[in-house]
Amino acid sequence: MKTQQGPGQWPSGARWHAHKKELTEDEMEQARRDRARQLRDEDELSYREIAAVLDAEAIRPKRGDRWHPEIVRRILANPSDQPPTLRRPGRTA
């Protein structure tokens, strides 16, 4: 079972290890999310402003070369700091 947000995408902050068949925390992605949260919570910046700061600090997104406000919103929308699980949403164990 694989938990994906969209076609070919794992939850923010996760990395799939096919040979181990496990989903683990991606430290670089967690650092990106932590910095974005810090900018939102401490400096009360908008998604657009957070994207601009991350670009200015040379913190690159997982894909592409620039941050987009929608990507910042999606990263910050995930309330969990815990590594995601392999259980699909809506399914009971």
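Salt bridge Glu70/Arg74: present, at least one basic N to carboxylate O contact under 4.0 Å.
Arg35 is linked by a side chain to side chain contact (heavy atoms under 4.5 Å, CB included) to Gln38, Leu39, Val53, Leu54, Glu57, Ile59, counting only residues two or more places apart in sequence or in another chain. Residues passing the salt bridge (Lys or Arg N to Asp or Glu O under 4.0 Å) test with Arg66 are Asp55, sequence neighbours excluded.
Between Arg32 and Trp67, the closest heavy-atom pair is CD-CZ2, 3.9 Å. Across all non-hydrogen atoms, the minimal contact from Lys62 to Glu29 is CB-OE1, 3.6 Å. Contact between His68 and Ala51 at its shortest, heavy atoms only, is C-CB, 4.2 Å.
Counting only residues at least two apart or on different chains, no salt bridge (charged side-chain N to carboxylate O under 4.0 Å, His left out) pair has a member in residues 41-54.
Considering only heavy atoms from C-beta on, Leu76 comes within 4.5 Å of Tyr47 through its side chain.
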Derivation and outcome, side-chain contact (heavy atoms from CB on, under 4.5 Å), residues Arg40 and Ile50
CA-CA 7 Å; Arg40 180 195 60 193; Ile50 293 170; 3.8 Å; yes
